[in-house]
Amino acid sequence: MLDARFVRENINMLKKALEKRNYDIDLSGFLSLEEERLALLKETEELRNKRNTVSEEIGKMKRQGLNADALVAEMKGVSDRIKEIDEKLKGIEEKTGQFLLNIPNIPHESVPVGKDETENVEVRKWGEPRTFDFTPLNHWDIAETLDIIDFERGAKIAGARFAVMKGAGARLERALMNLMLDMNTSKGYKEIFPPILVNRESMTGTGQLPKFEAELFRVADPEFYLIPTAEVPVTNIHRDEILREEQLPIYYTAYTPCFRREAGSYGKDVRGLIRQHQFNKVELVKFTRPEDSYNELEKLTADAEAILQKLQLPYRVIVLCTGDMGFSSAKTYDIEVWLPGQNRYREISSCSNFEDFQARRANIRFKREGKKGTEFVHTLNGSGLAIGRTLVAVLENYQQKDGTVVVPEALRPYMGIDVIK
RNA sequence: GGAGGGGUGGCUGAGCGGUUUAAAGCGGCGGUCUUGAAAACCGUUGUAGGGCAACCUACCGGGGGUUCGAAUCCCUCCCCCUCCGCCA
C-alpha cells in the first residue's frame, strides 16, 4: 500500500509508474476525495475540541451545583454534528482505503521498462546445460518408470493438480527440504515453522488480499485462508510491531506447504509437477533498514542461487520488467533452472524487494537509535527454493539412458543412496 | 463442546461516568554526586493524523451504542488464561 499523503503529493509520478506497469487506474477521483476528507477532518477535530473543553466546564458547574442545561443542550447539537461528519468521513475513508489497497507498488528505477514477460532481461547465467547422447525425458515419464510420483492416484484422492510422492520420490522431496534448510540456516537465517492457515489481516498485510482472493483457497467455517507461500505467515510475524534498529536485518527461512487455486491457468502445465495446487517450498524472508534493502536483495538472490550451484543445476537469473512484476514488488529477480525434458529454463525462485509496501500495509516499523519517531522497514523474500520444481530439475538433469536417476552429490547424505532405480 | 476469569503505555499494575491532560512501580534516557561504577536524588519517557511552529485530534483488544462527557455503563465480535469433557 502507498501512503495517502505520498499519493496526494506525487500524483504525476504515480501516473507514470502505473503506465509502466500496465495498470489502468483512474487517479482523478482520489484527489477530490482526499480534499473532502481533509476538510471534514479539520471540521470534526475543531468540534471535538469545543466539546472537550465545554464538557469539562459542565462538569465543574455541576460539582458547584450550578445549572448547565443551556450548555448541555448546545453540546448535544455539537455531538450530533460530529456524528454526522464522522459518518461521511467513514464513507470516504472506505473509498480511499480500498483505492490505496488496489494500487500496485512503484518499480525501482533500475527495473527495465517493458510490457510483458517477453521483455524481461537476463542478468547472468550459471552452468552449462548437459548434452545428452539420448533424448532426455520429461520428469513425469522418468517418475512413472521409477514409480516415485503417482499423478493418477493424486487425482483420485484429491483432484487434478495433486500428486502422491512415493518411495525415493518422497525421500527426495524430504532430502531437498533438509538440504535447503541446512544451507539457509548456516547463512544466518533463523528457521521458522509457521501456521499454514492464516486470517484475513495477514493476507492483507502481504498484499494477497483484497485483490487476489480468486487465487487463494479458503476455509469457510471458521474462516481461514491457506497460505500460497510462507511469505505470508513469516512476514506477518512482525505485523503491528516496532522493531529496534539493532535487531535489523532479520533473516528467516521457513519450509511450508503452499496452496494455490491456479485459477485461469487451465491448459498450462497440465502434466507433471510444475503447477500443483499443493506444493512444498522453502522460503527466505528479510526485514531490513531502507538503505540496506537493495544490497540485501542481491545477497538473498545469491543465497537462493547457491542451492542450485550446490546441486550442480544450470540456471539463469532474469530481472522482471515493469509489465511482468508482481503487485507488491518494487524489484524482482526470477531464477530459472534448466529443464532438459522441456528444453528450456523454468522459474524455480522469485526474489523480491517490496521496499515499504508490505511494511505499510502490515504496519511493521523500526526506531532508529537516538532518533525520534519511527520508519517502516523494508521487507524482502524469495524462494530458496520451490521444492517440487527442484525435484523436477534433479530428475530431468540427472537422468540416465537406462531410466535411472543419479543422486546429486550434495543430496547423498540425505538420500542414503547414489542412484534412484 | 460445557463452566468460570481476564485483555490498560516497553513490562508489572491501579482506575470502574467529570481534579486522569491514564496513578504508582520497574525498565529506558538525561543530569547531580563519584577517580570510575553502583546506590541515592532530580528531571524525562508512547503511536498516528492534521497544521508541520505553538497547538489540536484520536488511540485503555476490534466494532457499534447510551451520555453534554466513556478506560469506566450497554450490545457484539476477537483473543488469552483456569477447570471439566473429547482428542492427535
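Numbers restart at 1 for each chain; the letters A, B, ... are given by sequence-line order, proteins then strands.
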Within the 4.0 Å heavy-atom criterion, would you say I58(A) contacts the bases, only the backbone, or no part of the nucleic acid? base

Taking OP1 and OP2 of rA58(B), is either one under 4.0 Å from a side-chain nitrogen or oxygen of N49(A)? no

In whole angstroms, the gap separating C1' of rC68(B) from CG of L47(A) amounts to 14 Å

NA contact type, R8(A), heavy-atom cut-off 4.0 Å: base, sugar-phosphate, or nothing? sugar-phosphate

Could you state the interatomic distance from OH (Y345(A)) to CG (D334(A)), rounded to the nearest 0.5 Å? 14.5 Å

Value in whole Å for how far the P atom of rG62(B) lies from CG of D240(A): 11 Å

Rounding to an integer number of angstrom, what distance separates rU45(B) and rA22(B) when you compare their C1' atoms? 15 Å

For the pair H238(A) and F287(A), evaluate ring pair (Phe, Tyr, Trp, His ring centres under 6.0 Å) and give the outcome as yes or no after the intermediate values. CA-CA 9 Å; H238(A) 295 297; F287(A) 302 81; 4.9 Å; yes

So what does K42(A) touch, heavy atoms closer than 4.0 Å: a base, only the sugar-phosphate, or nothing? nothing

Of S79(A) and E56(A), the one whose closest nucleotide on RNA chain B sits nearer the 5' end is E56(A)

Closest to side chain of R63(A), choosing from rA58(B), rG18(B), rC68(B): rG18(B)

Establish, with yes or no, whether the OP1 or OP2 oxygen of rG69(B) is under 4.0 angstrom from a side-chain nitrogen or oxygen of R51(A). yes

Assigned partner base of rU32(B), Watson-Crick or wobble definition, under 3.5 Å: rA40(B)

G-U wobble or Watson-Crick pairing nucleotide for rA53(B) (cut-off 3.5 Å, both distances): none

What is the nucleic acid contact for K50(A), judged by heavy atoms within less than 4.0 Å: base, sugar-phosphate only, or nothing? nothing

Determine the contact category for T44(A): base if any of its heavy atoms lies under 4.0 Å from a base atom, sugar-phosphate if only primed atoms, P, OP1 or OP2 are that close, otherwise nothing. nothing

Between K83(A) and E45(A), which is nearer to the 5' end of RNA chain B once each is assigned its nearest nucleotide? E45(A)

For rG27(B), give its Watson-Crick or G-U wobble partner with both distances under 3.5 Å, or none. rU45(B)

Grab the CG-P distance between L71(A) and rG18(B) for me, whole Å please. 19 Å

Whether K90(A) contacts rG64(B) is assessed here as follows: a side-chain N or O lying under 4.0 Å from the phosphate OP1 or OP2. Is that the case? yes

Rounded to the nearest Å, what distance is computed from the CG atom of residue L89(A) to the P atom of nucleotide rG49(B)? 16 Å

Considering only the P atoms, how many Å lie between rG62(B) and rC68(B), rounded to the nearest integer? 25 Å

Under the ring pair (Phe, Tyr, Trp, His ring centres under 6.0 Å) criterion, do Y225(A) and F259(A) qualify, and how do the steps go? CA-CA 9 Å; Y225(A) 290 88; F259(A) 303 91; over 10 Å; no

Within the pair T374(A) and rU47(B), is there a side-chain N or O less than 4.0 Å away from OP1 or OP2? no

Quote, to the nearest angstrom, the C1' distance that separates rG9(B) from rA71(B). 12 Å

Integer-rounded Å distance: rG65(B) P and D80(A) CG: 12 Å

Does E296(A) form a salt bridge (charged side-chain N to carboxylate O under 4.0 Å, His left out) with K299(A)? I'd like the steps, not just the answer. CA-CA 5 Å; E296(A) 292 287 352; K299(A) 282 164 65 185; 3.7 Å; yes

I want to check one thing: is the phosphate of rG69(B), taken as OP1 and OP2, less than 4.0 Å away from some side-chain N or O of K62(A)? no

Atom P, compared across rG6(B) and rG25(B): separation rounded to whole Å: 26 Å

Looking at Y252(A), I'd like to know if the NZ or CZ of K190(A) sits under 6.0 Å from its six-membered ring centre while staying within 45 degrees of the ring's axis. no

For rC60(B), give its Watson-Crick or G-U wobble partner with both distances under 3.5 Å, or none. none

Whole-Å distance, F6(A) CZ to rG49(B) P, equals 15 Å

Pairwise P distance for rU21(B) and rC59(B), with rounding to whole Å: 13 Å

Return the value, rounded to whole Å, for the distance between atom CD1 of I82(A) and atom P of rU67(B). 14 Å

Is any side-chain N or O of R365(A) closer than 4.0 Å to OP1 or OP2 of rA48(B)? yes

With rounding to whole Å, what would you report as the distance between rG46(B) and rA24(B) at their P atoms? 15 Å

Would E375(A) and R365(A) count as a salt bridge (charged side-chain N to carboxylate O under 4.0 Å, His left out) if you check the C-alpha gap in whole Å, the side-chain angles of each, and the deciding distance to 0.1 Å? CA-CA 5 Å; E375(A) 293 173 51; R365(A) 292 166 292 170; over 6 Å; no

Watson-Crick or G-U wobble partner for rU67(B), using a 3.5 Å limit on both distances? none

Please give the distance between the C1' atoms of rC84(B) and rC73(B) as a whole number of Å. 33 Å

Inter-nucleotide P distance (rU72(B), rU8(B)), Å rounded: 14 Å

With a 4.0 Å limit, can you tell me whether N52(A) has a side-chain N or O closer than that to the phosphate oxygens OP1/OP2 of rU57(B)? yes

Could you tell me the separation between the CD1 atom of I250(A) and the OG1 atom of T379(A), rounded to the nearest 0.5 Å? 11.5 Å

Please give the nucleotide sitting opposite rG1(B) as a Watson-Crick or G-U wobble pair, both distances under 3.5 Å, or none. rC84(B)

Is any NZ, NE, NH1 or NH2 atom of the basic residue among K50(A) and E46(A) found under 4.0 Å from an Asp or Glu carboxylate oxygen of the other? no

Under 4.0 Å between any heavy atoms, over every strand shown, what does K60(A) touch: base, sugar-phosphate, or nothing? Just pick one. nothing

Integer-rounded Å distance: rG63(B) P and E201(A) CD: 12 Å

